[in-house]
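Each remark here refers to the structure printed beneath this line.
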Number of protein chains: 2
Amino acid sequence: MPSIKDVARAAGVSTATVSRVLADKPYVSPEMRRRVLEAVERLGYRPNLVARGLRAQQTNTIGLLVSDIRNPYFTDVSRAVEDLAYEHGFTLFLGNTDENPQKEALYLQSMRDHNVAGLIFSPTRHASEHFTKLNLTIPTVVIDRAVREGDVDMVLIDNIEAAYRLTNHLLEQGYTRLVGLFGETSVTGRERQRGFEKALREHNLAPLQMRFLPPYIQAGYEATRALLQAQPPPDAILATNSLLLAGALKAIREAGFPIPEAIGLAGFDETTWTPLVDPPLTVIAQPTYEIGRMAMRMLLERLENPDLPYRQVILKGQLLVRRSTQRRPGV
Amino acid sequence: MPSIKDVARAAGVSTATVSRVLADKPYVSPEMRRRVLEAVERLGYRPNLVARGLRAQQTNTIGLLVSDIRNPYFTDVSRAVEDLAYEHGFTLFLGNTDENPQKEALYLQSMRDHNVAGLIFSPTRHASEHFTKLNLTIPTVVIDRAVREGDVDMVLIDNIEAAYRLTNHLLEQGYTRLVGLFGETSVTGRERQRGFEKALREHNLAPLQMRFLPPYIQAGYEATRALLQAQPPPDAILATNSLLLAGALKAIREAGFPIPEAIGLAGFDETTWTPLVDPPLTVIAQPTYEIGRMAMRMLLERLENPDLPYRQVILKGQLLVRRSTQRRPGV
DNA sequence: GTGAAAGCGCTAACAT
DNA sequence: ATGTTAGCGCTTTCAC
């Protein structure tokens, strides 16, 4: 790998001139520019980004910390983030925290140690509740989970409202014995629970059951299996992420309850399969790509202008009504 | 951010001693070690990885280049890679190439510029056919797509065999007018086509149609829609990745052909939804997590020992027979 | 055992 | 307009 010195020697100029040419700085004669570019070309020179990062005390990397990239929500978000990062010459560090505060802390350390320019970050419940204690000096945009205190940019959806809307839809369809499955590890789960309860309360109903679960299909499956044993069983299940939803569907299927007649099923997150399963599922679709794009855009703006006031962007989920909750198709 | 100098000053030693202590080098007196560690603790010192990377001419990062992280195959692989990377103190750079040789080339450049220690890489068809011309000096493990020439470690599945097995299964079920949907942009698509044709030939049949498509649901959907118009229509469709498969399912559904009676549907890649859709889909399940883990393990071994002979690991896909191809449930 | 000093590749302040 | 040089933070000779 040739260094800037090699280029300077080959072009018969100083390294400073090479640097100037490459940075498109003014005050370089056309002749010098030509000679430098020729040498760069001939040697196949590429600037060493590690050296540049050290010197500039600033790298062109950004860190993306999510709980699990396999969660379709984060898969989509990460794609959006990466797209925009790529367009702007940033490279993406990816880390899965597994909703584990310790792993999360290690990754935050690592991102700092790597001197990333910025961070897009979906904090665990623990981190979102003690955000200021994290002492993040890196420009950060928080996604998906609201942070109580602390100055940060955030991109969120209105979880309470979305869960409220979804629950109301179930109630309008005549379901009354509702069960809620929530993520236990993020504040998002709590918020969706609030919307769920609010809708029920307004109808003078109480939840039949509520479960806070880790974000795995298996967890949704096992919880649902158990819940279906109750006498009388629930007549509707609301699962607040795509993993719990998939698990719930599997359990209801196996138990032989017809959907939507005996039991209604609704959840969060539009994925490839929600319209394709049997029956197609009613969900709140989050604008995942837009969330990722917005987060990255806000980060870029903050890098450009650190004094910007902190902003909190709240996007709305979209209710997609499908057969899994259509108990009254005629109504 | 305190630097090693600050630690040295605080501990009353030289930076060399601090470095030695942190690297757990021998020949440091217990007293010095104690003082250094105390100062490190007190100042909250963290080594700057950018500086270390420059000095060592070696970073603790690895690059993962895939066509699209949203493809469930790559989502799973990336999770496995990240797990193992994390366990070994490596941080992951992620890039989507979109099957675009130019974007791919830029990313390969970028990875080199960042001086990554190693690369896990799913080449476009173009790159896999001209692999030596890529002139990769970084230790690399190629996944998913075989590379013709060139010394590289690879982790693959036997695509010809898998497609052959899947096609035979369709033929055994009595389907005869088979259509194949293949990825156009990777060599994987070609290989699966070979297995498809081989099975047909052995039954003295010819494919009704074959289509090479970009890896998008929409592409699978549109192609299938068109294919179903034929007179007589196909009686089975084989889609060689999960995106084309989802598109095909959607089109068949809309056209109102009952699966598996009027038309059989089979494909590649087990995902959350393949067992949950209506009807559940027969697929070749690739051991995605194992592929990612193996790739990363091979990379770590090569970093440890660059003189290792190059290895090609071929894993077998697993045929999961479900209702979508069960035309003869009794047989 | 410990410290002084060079140097990884780059940029920017300063000198000319 | 161009060159000289210091220094980003670290590790590793080399000298003592």
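In what follows, chains are A, B, ... by sequence order, proteins preceding strands, each numbered from 1.
- Between the CG atom of Leu22(A) and the P atom of dA12(C) there is a distance of 12 Å, given to the nearest Å.
- Between Phe93(B) and Tyr107(B), the ring center distance fails the sub-6.0 Å criterion.
- Side-chain contact check for Glu149(A) and Thr132(A): at least one donor-acceptor pair (N or O, by modelled atom type) lies under 3.5 Å.
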Could you pull out the protein-nucleic contacts involving nucleotides 5-8 of chain C (nitrogen or oxygen on both sides, under 3.5 Å)?
unit_1 : atom_1 : unit_2   : atom_2 : d
dG7(C) : N2     : Arg55(B) : NH1    : 3.2
dC8(C) : O3'    : Gln57(B) : NE2    : 3.1
dC8(C) : O2     : Arg55(B) : N      : 3.4

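- A donor atom on one side chain and an acceptor atom on the other are found under 3.5 Å apart for Ser122(A) and Arg145(A).
- Bracketed by its first and final contacts, the part of DNA chain D lying under 4.0 Å from non-hydrogen atoms of chain A reaches from dA1(D) to dG9(D) in 5' to 3' order.
- Note on Val50(A): nothing from the nucleic acid sits closer than 4.0 angstrom, heavy atoms only.
- Side-chain atoms of Tyr73(A) and Asp144(A) form a donor-acceptor pair, as typed in the model, at a separation below 3.5 Å.
- Backbone-only contact: Thr17(B) has heavy atoms under 4.0 Å from sugar-phosphate atoms and none from a base.
- Between Met1(A) and Pro30(B), the one whose closest nucleotide on DNA chain C sits nearer the 5' end is Pro30(B).
- Shown here is Glu129(B), whose CD atom has more than 12 heavy atoms of other residues, nucleotides or ligands within 6.0 Å.
- Positionally, the nearest nucleotide of DNA chain D for Ser29(A) lies more toward the 5' end than for the other of Lys25(B) and Ser29(A).
- At whole-Å resolution of the value, CD in Gln58(A) and C1' in dC10(C) are 15 Å apart.
- Put simply, NE2 on His114(A) and CG on Asn60(B) are 4.0 Å apart, with the number rounded to the nearest 0.5 Å.
- Note: CZ (Arg20(B)) to P (dT2(C)) measures 8 Å, nearest angstrom.
- Atom CZ of Arg52(B) and atom P of dG9(C) are 18 Å apart (whole Å).
- Residue Val50(B) forms a side chain to side chain contact (heavy atoms under 4.5 Å, CB included) with just one option from Thr61(A), Leu54(A), Asp113(A), and that option is Leu54(A).
- Position along DNA chain C of the nearest nucleotide to Tyr45(A) versus Arg33(B) favours Arg33(B) as the more 5'-ward residue.
- For the pair Gly118(B) and Ile138(B), the tightest heavy-atom approach, listed with the atom from each and the gap, is CA-CG2, 3.7 Å.
- Asp83(A) and Tyr289(A) share a donor-acceptor pair across their side chains, judged by distance under 3.5 Å alone.
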